[in-house]
Colleague: 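Structure provided below as structure tokens; questions to follow.
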Amino acid sequence: ELKRREITYRNNHTFPSVKGKSIILVDDGMATGATMRVAITALKKLQAKEIIVAIPVASREAVEQIKQFATEVICPLMPEDFHAVGGYYENFPQTEDEEVKYLLTQSRQVKNPHA
């Protein structure tokens with residue numbers, strides 16, 4: 001599934017260089033932190049300067065764990081009885097491939113003066 005998504009989403013575009021850059025990782029929430037930890041590890045291997053994690057809701061345990069790997073973690077809601085990310089959203093649909101491809105195409109068209 002990871003390979004399929006890489007091919008589908010990247011569409012022959014190379015991975016952007018993150019070497020020496022500040023990266024903000026954003027997710028809809030974090031239950032265990034496993035996926036975020038993998039993303040942070042990959043960005044460190046690519047020599048990102050700093051990695052800031054921004055999530056609206058997470059388990060307190062996951063936030064504490066991720067703090068050991070990221071430069072900074074921003075999470076305003078850490079409920080004591082956290083069960084699942086979707087439980088904190090009124091509407092929590094899956095993001096379809098077409099939407100991801102559209103957003104990636106749009107992001108490639110934005111010129112970054114700091115790149």
Colleague: Under the 4.5 Å side-chain heavy-atom rule for ILVMFWY, direct or indirect, which residues accompany Val100?
Modeller: Tyr9, Leu104
Colleague: Examine Phe69 and Ile23 and state if one hydrophobic cluster contains both, with Ile, Leu, Val, Met, Phe, Trp and Tyr joined whenever side-chain heavy atoms are less than 4.5 Å apart.
Modeller: yes
Colleague: How about Lys49: does its NZ atom have over 12 heavy atoms from other parts shown lying under 6.0 Å from it?
Modeller: no
Colleague: With a 4.5 Å cut-off on side-chain heavy-atom distances among I, L, V, M, F, W and Y, is there a chain of contacts connecting Ile24 to Ile74?
Modeller: yes
Colleague: Using atom types as modelled, flag every donor-acceptor pair under 3.5 Å from a side chain in residues 32-42 to any protein atom, sequence neighbours excluded.
Modeller:
residue: Thr32; atom: OG1; partner: Ala34; partner atom: N; Å: 3.2
residue: Arg37; atom: NH1; partner: Gln65; partner atom: OE1; Å: 2.5
residue: Thr41; atom: OG1; partner: Arg37; partner atom: O; Å: 2.9

Colleague: Please list every donor-acceptor pair under 3.5 Å in which a side-chain atom of residues 81-96 meets a protein atom from a residue at least two apart or in another chain.
Modeller:
residue: His83; atom: NE2; partner: Asp81; partner atom: O; Å: 3.1
residue: Tyr89; atom: OH; partner: Asp28; partner atom: O; Å: 2.6

Colleague: So how far is it from Asn12 CG to Ile7 CD1, rounded to the nearest 0.5 Å?
Modeller: 9.0 Å
Colleague: Is there a chain of hydrophobic side chains (I, L, V, M, F, W, Y, each step under 4.5 Å between heavy atoms) that links Val26 to Val63?
Modeller: no
Colleague: Does Met30 belong to the same Ile/Leu/Val/Met/Phe/Trp/Tyr cluster as Ile52, with side-chain heavy atoms less than 4.5 Å apart forming each link?
Modeller: no
Colleague: Are Leu46 and Lys21 close enough that some pair of their side-chain heavy atoms sits under 4.5 Å apart?
Modeller: no
Colleague: Any side-chain heavy atom of Asn11 sitting closer than 4.5 Å to one from Lys101?
Modeller: no
Colleague: Could you measure the distance from the CE atom of Met78 to the CD1 atom of Ile55? Nearest 0.5 Å is fine.
Modeller: 8.5 Å
Colleague: Would you indicate whether the side-chain heavy atoms of Val57 and Pro79 approach each other to under 4.5 Å?
Modeller: yes
Colleague: Looking at Ala31, is its backbone amide N or carbonyl O close enough to the side chain of Ser59 to form a donor-acceptor pair, meaning the two atoms are under 3.5 Å apart?
Modeller: yes
Colleague: Does the side chain of Glu6 reach to within under 4.5 Å of the side chain of Leu2, using non-hydrogen atoms?
Modeller: no
Colleague: At what distance, to the nearest 0.5 angstrom, does NZ of Lys67 lie from CD of Glu72?
Modeller: 10.0 Å
Colleague: I'd like to know if Glu64 and Arg60 make a salt bridge, using a cut-off of under 4.0 Å between side-chain N and carboxylate O.
Modeller: no
Colleague: Between Gly29 and Pro56, what is the shortest heavy-atom contact and its length?
Modeller: N-CD, 4.2 Å
Colleague: Search all heavy atoms of Glu50 against all heavy atoms of Ser22 and return the closest pair with its distance.
Modeller: OE2-OG, 2.7 Å
